[in-house]
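Have a look at the structure below, then the notes.
Counting convention: from 1, in listed order, for ligands and their atoms alike. Just so we're clear, the structure is a prediction, and the values are computed from it rather than from any experiment.
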Amino acid sequence: MSANLKAYNIFDLRELALKRVPRGVFEFMDRGTEDEVSLRNNRAVFDRMRFRTRTFVDVSKRNQDTTIFGVRHKMPLVIAPTGTAGLLWYEGELALARAARAAGIPFTLATGSMTAMERVADEAGGELWFQLYLWPDRSFSHELVERAKAAGYKALFVTVDGVSAGNREYNIRNGFTIPFTFSTRNVVDMVTHPRWLLGVMLRYLVTTGMPMYANYPAAAKAKLTAGPMGRSSLRTDAINWGDLDALRKIWPHKLIVKGILDPQDAATAVDHGAEGICVSNHGGRNLDGVVSPIEVLPEIVDAVGKRATVFADSGFRRGTDVVKALALGAHAVMIGRSTLYGVAAGGEAGAARALEIYREEISRVLALLGCCGIADLGPQYLQFADPHLRPATLPRPGPRPVAGTKAVA
Ligand SMILES: Cc1cc2nc3c(=O)[nH]c(=O)nc-3n(C[C@H](O)[C@H](O)[C@H](O)COP(=O)(O)O)c2cc1C
C-alpha cells in the first residue's frame with residue numbers, strides 16, 4: 001500500500017483529507033451546490049443497479065486495458081479536470097499528473113489549475129489532456145488553446161455546464177476566495193491545520209507567492225478580483241454552437257464536450273466535430289436537482305456511442321460504480337474527487353493510492369462477474385432496479401465497440 005496511508009477505500013482517503021486540509025478548502029472540494037440533491041443522487045443511482053454474474057468463465061487472464069482515441073491505457077479511468085487542485089497539496093496538479101502517468105491513464109489539467117500547463121507538460125509528462133472554459137472574451141480561451149497545442153496536450157475538453165457558476169453558499173460562509181483573502185474564520189481554519197499551513201500555503205508564499213490561477217492570460221488575471229471559489233467572474237453565459245465550430249477550427253487534436261446530459265445535444269456536438277462526449281453534471285456542483293449522468297447515459301450511448309467516445313463522470317467512488325457505467329456503454333470513466341481526496345491526504349502517493357484502490361476493485365469486480373476485460377462488458381451484466389436506466393437496445397449483439405477504434409471513429 002503506497003505511502004503508509006491507512007486507506008482501504010476512497011472513503012478512507014476522504015477522511016484523511018478532512019483531517020489534513022482546512023475546512024474551507026475541504027468543503028470547496030467535497031461539497032455540491034444548494035441542497036446537494038444531485039450530489040446525493042450521483043451516489044444513490046448506483047444502488048439502483050445490480051450485477052448479474054456468469055460462472056465457469058476462466059478470468060485468470062483478465063485485464064483492464066482500455067483503448068481511448070486509439071491509445072491503449074492501463075485502466076478505464078481518466079483523471080478529470082479539477083481547478084485549484086494545487087490548493088490541496090503543494091503543486092497538486094503535478095502530483096496528480098505523475099500519479100496518472102505511473103498508473104498508465106490520462107490526466108486532464110483544468111484551466112483553473114495553480115500550476116501552469118507548460119510546467120505540467122515538462123515535469124510530469126504522460127498522456128495529458130486540457131480542459132477549457134469559454135470566457136466572455138473568447139480570445140482568452142483561444143489563447144489557452146494555442147498554448148495547450150504548443151505544450152503537446154492531446155485532447156481538449158470544453159466544459160459547457162458552468163456557464164453560470166453554481167450556488168455554493170458554503171464558500172461564502174467559509175470566506176474562501178481566489179485570490180486568497182484573509183478573515184478571522186479562515187485564519188483560524190488554517191492555523192488549526194498546521195500540516196497544510198506549512199506544507200502548502202507557506203511553501204507557496206516562500207516560493208511563488210500567493211497561489212493563483214497559473215494558466216490565466218495576464219489580461220484575464222488583471223480582471224480577476226477575489227470572489228468566492230467556484231464563482232469565477234470569467235465564466236460566460238452566452239455560448240452557442242458557433243463556439244464549438246471555432247474551437248474545431250483551431251484545435252487539431254481530439255475535441256470533447258464536457259457537461260452534456262441530453263442525447264440531442266450529444267448528437268449535435270458530434271455533428272459539429274466533437275470526437276468525444278463527457279456525460280457529466282460536474283460532480284453535482286453546478287445545477288442542483290439535475291439528473292445524474294448515469295440516468296441519461298444509455299440514451300446518450302444510443303445516440304452517439306458508435307461515432308464518438310463517451311465518457312461518464314460524477315459520483316464514482318468504487319470499482320463497482322465504474323464497471324456499472326462501462327456496462328451501460330461508457331467507454332471510460334472520469335474521476336474527480338476520488339483522486340483529489342488522495343492528493344489532499346498524501347500528495348502523489350495519495351493519488352496513486354486512490355488509483356490502486358480502483359485497480360484492485362475493478363479487477364475483483366471483473367473476476368466476480370465472470371468477465372475477462374473491459375471490452376466484454378455490456379448490459380447483460382446488469383439488472384435494473386430502475387427501469388429508466390435500462391438501455392433501449394438490450395442485449396447488444398456481440399462485444400461493444402472499443403473507444404478509439406474505427407467502429408467509433
Ligand atoms: C474541486 C473541484 C474542482 C473542479 N473544477 C473543474 C474545472 O475547473 N473544470 C471542469 O470542467 N470540471 C471541474 N470539476 C468537475 C470535475 O471535472 C468532474 O466533472 C467531477 O469532479 C466528477 O465528479 P466526482 O468528483 O464525483 O468524481 C471540478 C470538480 C471538483 C470536485
Side-chain angles (χ1 to χ4, degrees), residues 10-11 13-14 17 21 24-33 36 38-46 77-89 92-93 96 106-115 117 129-135 141 144 155-163 165-166 168 170-171 176 178 213-216 228-232 234-235 256-261 276-287 290 292-294 311-318 321-322 325 330 332-344 351 354-355 358:
I10 299 298
F11 305 102
L13 285 173
R14 179 181 180 276
V21 304
V25 178
F26 182 82
E27 291 202 349
F28 166 73
M29 156 180 67
D30 186 60
R31 295 194 61 180
T33 182
E36 301 185 327
S38 290
L39 184 78
R40 286 191 299 277
N41 189 48
N42 282 348
R43 295 287 313 128
V45 72
F46 291 113
L77 294 182
V78 175
I79 296 191
T82 52
T84 56
L87 267 192
L88 299 167
W89 191 264
E93 292 91 4
L96 285 168
F107 168 71
T108 319
L109 185 74
T111 288
S113 69
M114 320 237 104
T115 314
M117 64 170 105
W129 298 350
F130 186 71
Q131 175 269 330
L132 184 78
Y133 277 122
L134 286 166
W135 288 336
S141 304
L144 288 182
L156 184 73
F157 277 64
V158 53
T159 303
V160 294
D161 60 4
V163 296
R168 304 180 194 158
Y170 47 88
N171 286 338
F176 245 86
I178 296 285
Y213 294 122
N215 291 319
Y216 282 24
M229 280 158 85
R231 291 194 169 193
S232 165
L234 290 167
R235 308 271 176 85
I256 301 94
V257 182
K258 176 172 182 281
I260 293 266
L261 290 168
I277 298 294
C278 177
V279 190
S280 168
N281 69 11
H282 217 99
R285 294 164 70 79
N286 283 347
L287 174 62
V290 74
S292 160
I294 288 293
F311 301 86
D313 79 14
S314 301
F316 291 80
R317 302 288 182 271
R318 284 279 189 191
D321 306 334
V322 173
V333 163
M334 301 189 78
I335 46 169
R337 293 182 187 82
S338 300
T339 31
L340 283 185
Y341 296 142
V343 89
L355 295 174
Y358 271 108

Just go through [options] and tell me whose heavy atom is the nearest to [atom].
atom	options	result
atom 8 (O) of ligand 1	Gly259, Gly83, Gly162	Gly83
atom 30 (C) of ligand 1	Arg285, Arg337, Met334	Arg285
atom 9 (N) of ligand 1	Tyr133, Phe28, Tyr341	Tyr133
atom 10 (C) of ligand 1	Arg43, Lys258, Met29, Arg31	Lys258

message: Before you tell me yes or no, could you show the steps for Thr84 and Tyr213 under side-chain contact (heavy atoms from CB on, under 4.5 Å), namely the whole-Å CA-CA distance, both residues' side-chain angles and the distance that decides it to 0.1 Å?
response: CA-CA 8 Å; Thr84 56; Tyr213 294 122; 3.6 Å; yes

On a heavy-atom basis, which atom in [X] and which in [Y] lie closest, and how many Å separate them?
X	Y	result
Asn215	Ala110	ND2-O, 3.4 Å
Gly166	Thr33	C-OG1, 4.0 Å
Tyr133	Thr111	N-OG1, 3.5 Å

I need the atoms of ligand 1 closer than 4.0 Å to a non-hydrogen atom of [X], numbered in the order shown.
X	result
Ala110	8 (O)
Arg317	24 (P), 26 (O), 27 (O)
Ser280	19 (O)
Gly315	23 (O), 24 (P), 26 (O)
Ser314	22 (C), 23 (O), 26 (O)

- prompt: Among Leu77, Asp321, Ile10, Val333, which residue meets the side-chain contact (heavy atoms from CB on, under 4.5 Å) test with Ser338?
  reply: Ile10

message: Less than 4.0 angstrom from a charged side-chain N to a carboxylate O is my criterion; do Arg31 and Glu27 meet it?
response: yes

Report yes or no: does a heavy atom of [X] sit under 4.0 Å from some atom of ligand 1?
X	result
Phe157	no
Asp313	yes
Ser338	no
Gly112	no

Heavy-atom pairs closer than 4.0 Å: do any link ligand 1 to the side chain of [X], the backbone, both, or neither?
X	answer
His282	both
Thr159	side chain
Leu340	side chain
Pro81	both

Side-chain heavy-atom pair Leu144, Tyr216 within 4.5 angstrom cut-off: no

message: Ring-plane angle category for Phe157 and Trp129, please: parallel below 30°, perpendicular beyond 60°, tilted otherwise.
response: parallel

message: Ring-plane angle category for Phe26 and Tyr341, please: parallel below 30°, perpendicular beyond 60°, tilted otherwise.
response: parallel

task: May I ask you to check if ligand 1 and Ile335 share an N or O to N or O distance below 3.5 Å?
output: no

field: Value rounded to 0.5 Å, distance of CD1 in Ile79 from OG1 in Thr339
entry: 4.0 Å

Arg168/Phe28 under side-chain contact (heavy atoms from CB on, under 4.5 Å): CA gap, chis, key distance, verdict: CA-CA 8 Å; Arg168 304 180 194 158; Phe28 166 73; 4.0 Å; yes

